[in-house]
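Lettering of chains follows the sequences in order, A, B, ..., and the numbering in each one begins at 1.
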Number of protein chains: 2
Amino acid sequence: MIRVVVVDDEQLVRAGLRLILEAAEDITVVGEAADGAGALEQAQRLRPDVVLLDVRMPGIDGLTVAPEVVAAGPKVIMLTTFDLDEYVHRALRAGAVGFLLKDTPPRELAAAVRTVAAGNAMLAPTVTRRLISSFAERGPARRDAARERLAPLTERELAIVREVARGHGNAEIARRLTMSEATVKAHVSRALAKLHAGNRVQLAILVYDADLL
Amino acid sequence: MIRVVVVDDEQLVRAGLRLILEAAEDITVVGEAADGAGALEQAQRLRPDVVLLDVRMPGIDGLTVAPEVVAAGPKVIMLTTFDLDEYVHRALRAGAVGFLLKDTPPRELAAAVRTVAAGNAMLAPTVTRRLISSFAERGPARRDAARERLAPLTERELAIVREVARGHGNAEIARRLTMSEATVKAHVSRALAKLHAGNRVQLAILVYDADLL
DNA sequence: CCTAGGGCTCGGCCGACGGATCGGGCTGCC
DNA sequence: GGCAGCCCGATCCGTCGGCCGAGCCCTAGG
């Protein structure tokens, strides 16, 4: 039996969720709360398997308490009317493993509870879509592009550039790599030219994007 | 009516998928293929709404043709027995909007087809879980530490430091934020002092670690 | 009211660092 | 031998960064 706590500031919504979930034989609603403080208290006292947590609530809102609720043990599914990027990002970073819209059909809601109780994750389709695109964009795309740009560098030059990206000055790099400071400057200059960079900071940015540390 | 092409090297699997999908009144299977080449040909000729694409196939495998199939128009759902990280990453980068395991129940398979046809995305729960982790665990440790260090900065100072992290020089920052270069230098100096940094590159590193772009 | 403090804005000065340029030595290859 | 690429070095100059001071605005508090 999966033990669930539902949190929403509107009593009507809580009642609706309870009805939907209790209709499944393997799910039982063991507690309710109307704000973040109540949610945390119930999570710690009742130790439920899953907490359905509304995003917007008076007092402490759902996103704010989410990290603490997660820390208390249960899996957290965020519930909201609007799937704003800001909400999704904060929720996922807080450790939520579910993010559903309030127009989710009853069958899927119960399925989501079972899914997260089993240790997996469930997102609304629109949210999944957004997550994928943000993954595809910020993923290895920029990294490979950066590596491509760094390709023309000589082995030695790359070594100097990596030192630059560590925030070291030319003198310090010279000591570390046992060469003259003038030489370091020369390498940096040619790296700047090859990479069409105007700044040593831009070199550091490339190294960071290329994930070379 | 949602028009679907199923691609799998095993004839039995194709037949099974066709049976499942044709059972839904709003879905019709308009074509089949046994390898990547066939998948691409069918996608271009039949212009289906959705392509179910097996990952592992003899000849050109699913992950390899996925980008071209996506480019041809249809939404792509990857199908596989194993949800290896490598598979998922490549698939999502290729532009797939679905990633399902072959043990997905028929009802969810049809739901997934409808979901992607509607422009949204559908992943297997285990895949979603992994995606969330890789999104959330993008090093909150170092990130929060960096934010902690950046905390003492005033709003204005942080703005200048972020410009520094973009690789801009003092003069350029002055233009962008419409202030004197002397002011920029003053802010940079104080930021360096507050953060115990000796270099503007080190400021950039902090901003990067703090993930502020 | 007016004083004190903090943040933002500027200017000037100067030492230090960063970049551009030129040249030389070394290797491998045509 | 000539050429090309990499590595190293030295010199010149612009930019950066530290340090001084100053004025302005706002808020807090006597």
- When we call it a touch if two heavy atoms are under 4.0 Å apart, what does T154(A) touch: a base, just sugar-phosphate, or nothing?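 Touches sugar-phosphate only.
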
* Asked: Checking all strands, does S180(B) fall into the base, sugar-phosphate, or nothing category for heavy-atom contacts under 4.0 angstrom?
  ->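 Answer is sugar-phosphate: S180(B) comes under 4.0 Å of backbone atoms only.
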
Next on the checklist: With no hydrogens and no angle check, just 3.5 Å: does a side-chain donor-acceptor pair link R200(B) and N199(A)?
Outcome noted: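 No.
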
Could you give the [atom1]-to-[atom2] distance, from [X] to [N], as a whole number of Å?
X: H168(B); N: dT15(D); atom1: NE2; atom2: C1'; result: 17 Å
X: L177(B); N: dC10(C); atom1: CG; atom2: P; result: 11 Å
X: R156(B); N: dC10(C); atom1: CZ; atom2: P; result: 9 Å
X: E157(B); N: dC10(C); atom1: CD; atom2: P; result: 15 Å
X: L153(A); N: dC7(D); atom1: CG; atom2: P; result: 10 Å
X: K194(B); N: dG17(D); atom1: NZ; atom2: C1'; result: 17 Å
X: E181(A); N: dT11(D); atom1: CD; atom2: C1'; result: 13 Å
X: H187(B); N: dC16(D); atom1: NE2; atom2: P; result: 16 Å

Close N or O pairs between protein and nucleotides 20-23 of chain C (under 3.5 Å):
from, atom 1, to, atom 2, distance (Å)
dA20(C), OP2, S189(A), OG, 3.2
dA20(C), N7, S189(A), OG, 3.3

(message) Check whether R147(A) reaches the backbone of A210(A) with its side chain - one donor and one acceptor, N or O, closer than 3.5 Å.
(response) yes

Does the side chain of [X] reach to within under 4.5 Å of the side chain of [Y], using non-hydrogen atoms?
X: E163(A); Y: L177(A); value: yes
X: T115(A); Y: N120(A); value: yes
X: M78(A); Y: L63(A); value: yes
X: N170(B); Y: V188(B); value: yes

Sorted by position of nearest nucleotide on DNA chain C, 5' first, the leading residue of N199(B) and M179(B) is M179(B)

Listing time: all N or O pairs from protein to nucleotides 25-27 of chain D that are below 3.5 Å?
none

Between the OG1 atom in T104(A) and the CZ atom in F99(A), the distance rounded to the nearest 0.5 Å is 10.5 Å

- request: Would you give the length of the straight line joining atom CG of D54(A) to atom OG1 of T81(A), rounded to the nearest 0.5 angstrom?
  value: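 Reported value, rounded in 0.5 Å steps: 7.0 Å.
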
Do R45(A) and E41(A) pass the side-chain contact (heavy atoms from CB on, under 4.5 Å) test, and can you show the C-alpha distance, the side-chain angles, and the key distance before you say yes or no? CA-CA 6 Å; R45(A) 187 167 53 83; E41(A) 190 271 337; 2.8 Å; yes

Check the phosphate of dG18(C) against N170(A), side-chain N and O only, distance under 4.0 Å to OP1 or OP2. Yes or no? yes

Taking only N and O in the side chain of R200(A), is any of them less than 4.0 Å away from OP1 or OP2 of dG18(C)?
yes

